[in-house]
Amino acid sequence: MVVRHQGPSLVIHTPAKLNLFLEVLGKRPDGYHSLETVMVSVGLYDSLVFREIESNQTRLNCHRCESHSAFRNSPLLTLPIGPDNLVVRAADVLRKHTSSEQGVQIDLLKRIPMQAGMGGGSSDAAATLVGLNRLWDLGLKRETLHELAAQLGSDVNFFIESPTAAICRGRGEIIEPLRLTRQMHMVVACPASGLSTPDVFRQWSSTAHASRSVEEYAARLQRSAWSSENGIHNALEGPARELNEDVSQTLDALRRVTHGPVGMSGSGTACFALCRSAHEARSAASRLRAEGGRRVDAISSRT
Ligand code: C5P
């Protein structure tokens with residue numbers, strides 16, 4: 001997360017994530033699932049501009065990046081700005097916790113695909129907690145921000161610190177930062193249709209599974225950031241493919257234009273391939289973009 005002051009405003013650029021490894025260990029009594037996942041933060045950012053206003057309200061404006069013509073008629077571009085938006089909920093949670101009566105105008109520029117498993121909404125929520133803590137001069141410690149983040153969603157804690165990479169456990173909110181030895185390069189493809197996270201988890205519950213060790217995966221990843229042996233592992237990929245055939249088609253399309261490991265991020269529908277270099281990722285992206293119908297980005301892990 002990059003935070004800077006611009007006159008009376010505070011500007012935050014907050015990244016997306018990809019899951020290189022995601023294992024579901026089982027269903028918990030509270031209805032969530034226990035996870036072990038390796039997340040890597042990548043150089044694709046939403047931007048938020050915070051400005052204090054006189055009233056005690058949260059006013060949110062969302063703008064989307066218009067460069068993705070494949071998404072022009074897609075439901076993935078519907079931007080919810082009401083009370084259900086995680087940014088508005090993050091401001092409400094902070095106000096309730098601190099009894100603050102301050103108001104804010106937030107302008108959000110979306111570049112991270114929505115409902116894609118890339119953590120866009122969670123990243124925006126984390127940026128809101130960090131941003132308003134500064135703008136409103138609340139003086140909350142990191143631990144408190146983490147407690148509030150966990151109330152908002154399972155992925156929000158990762159983005160509070162935005163480590164280069166991390167093992168996340170529990171329902172995703174327990175973070176152990178990982179150091180990557182090399183920058184990673186990927187081509188990411190999002191079909192125009194999305195998937196509901198609860199539906200994908202529900203579908204998982206009914207499928208057979210043998211679990212893989214996150215420690216072994218993370219150790220191999222730290223030895224070599226690109227490894228076809230390590231691959232991309234996601235226990236939610238099978239359930240997502242059962243629910244949405246665009247996922248299988250996108251994985252096949254990525255296999256046609258790359259030679260490395262291919263997989264899905266989070267609960268989908270974003271799919272990605274690991275490439276040996278930024279150049280290879282860019283040229284695979286332009287071949288895939290030429291097919292049309294999907295949003296395609298060449299991106300790298302953050303250093
Ligand atoms: O935590 P978050 O709000 O992102 O989760 C959305 C939904 O995804 C949950 O309501 C739950 O159905 C499912 N989920 C889960 N186990 C997790 C994370 C999410 O079952 N660890």
Side-chain angles (χ1 to χ4, degrees), residues 14-41 46 75-76 78-80 82-94 96 108 110 112-129 145-162 166-176 190 193-209 211-214 217 233-244 247 264-270:
T14 192
K17 59 88 176 167
L18 291 171
N19 298 79
L20 297 176
F21 175 100
L22 192 159
E23 191 57 85
V24 184
L25 304 179
K27 193 165 180 189
R28 315 188 331 174
D30 62 5
Y32 282 90
H33 292 77
S34 296
L35 302 180
E36 286 181 339
T37 180
V38 174
M39 306 223 267
V40 57
S41 62
D46 280 351
L76 295 194
T78 313
L79 295 164
D84 285 345
N85 187 292
L86 266 188
V87 166
V88 177
R89 283 180 47 210
D92 288 347
V93 160
L94 260 186
K96 196 162 160 216
L108 167 61
K110 293 288 310 171
I112 304 172
M114 289 175 281
Q115 288 176 41
M118 296 183 72
S122 303
S123 190
D124 299 340
T128 304
L129 292 177
L145 292 181
H146 274 290
E147 281 164 30
L148 300 178
Q151 291 175 27
L152 289 164
S154 308
D155 287 344
V156 182
N157 293 78
F158 174 80
F159 293 104
I160 294 280
E161 321 288 348
S162 302
I167 300 179
C168 309
R169 298 188 174 84
R171 60 186 174 88
E173 84 286 19
I174 303 167
I175 314 297
E176 178 191 334
C190 299
S193 57
L195 271 170
S196 135
T197 301
D199 286 354
V200 177
F201 274 100
R202 224 173 283 122
Q203 188 76 5
W204 174 86
S205 305
S206 59
T207 55
H209 37 265
S211 54
R212 278 181 55 180
S213 154
V214 73
Y217 185 92
H233 170 69
N234 188 339
L236 296 177
E237 184 183 304
R241 285 167 46 185
E242 285 161 19
L243 293 173
N244 185 333
V247 173
M264 187 187 81
S265 185
S267 58
T269 48

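Order of listing sets the numbers, starting from 1, for every ligand and every atom in it. Side-chain atoms are counted along with the backbone in the values below, which use heavy atoms only and exclude waters and symmetry mates.
- Ser265 contributes a side-chain N or O that, together with a main-chain N or O of Gly117, makes up a donor-acceptor pair within less than 3.5 Å.
- Heavy atoms of Leu35 approach ligand 1 to within less than 4.0 angstrom.
- Residue Gly153 holds the heavy atom nearest to atom 3 (O) of ligand 1 of all those in Pro198, Cys168, Gly119, Gly153.
- By the side chain to side chain contact (heavy atoms under 4.5 Å, CB included) test, Ala150 pairs with Asn157, Arg171, Glu173, sequence neighbours left out.
- At distances below 3.5 Å, not a single donor-acceptor pair connects side-chain atoms of Thr269 with backbone N or O atoms of Ala116.
- The nearest pair of heavy atoms linking Gly121 to Lys110 is N-NZ, 4.2 Å.
- One finds a salt bridge joining Arg202 and Asp199 here, because a Lys/Arg side-chain nitrogen approaches an Asp/Glu carboxylate oxygen to under 4.0 Å.
- A donor-acceptor pair is defined here as one N or O able to donate and one able to accept, closer than 3.5 Å; no such pair exists between the side chain of Asn19 and the backbone of Met264.
- Atoms of ligand 1 lying under 4.0 Å from any heavy atom of Thr197, numbered from 1 in the order shown and given with element: 8 (O).
- Annotation: atom 20 (O) of ligand 1 to nearest protein heavy atom, His33 ND1, 2.7 Å.
- Counting heavy atoms closer than 4.0 Å to ligand 1, residue Tyr32 contributes atoms from both its backbone and its side chain.
- Scanning the protein heavy atoms around atom 4 (O) of ligand 1, the nearest turns out to be Ser154 N, 3.8 Å.
- For atom 13 (C) of ligand 1, the closest heavy atom belonging to the protein is Phe201 CD1, 3.6 Å.
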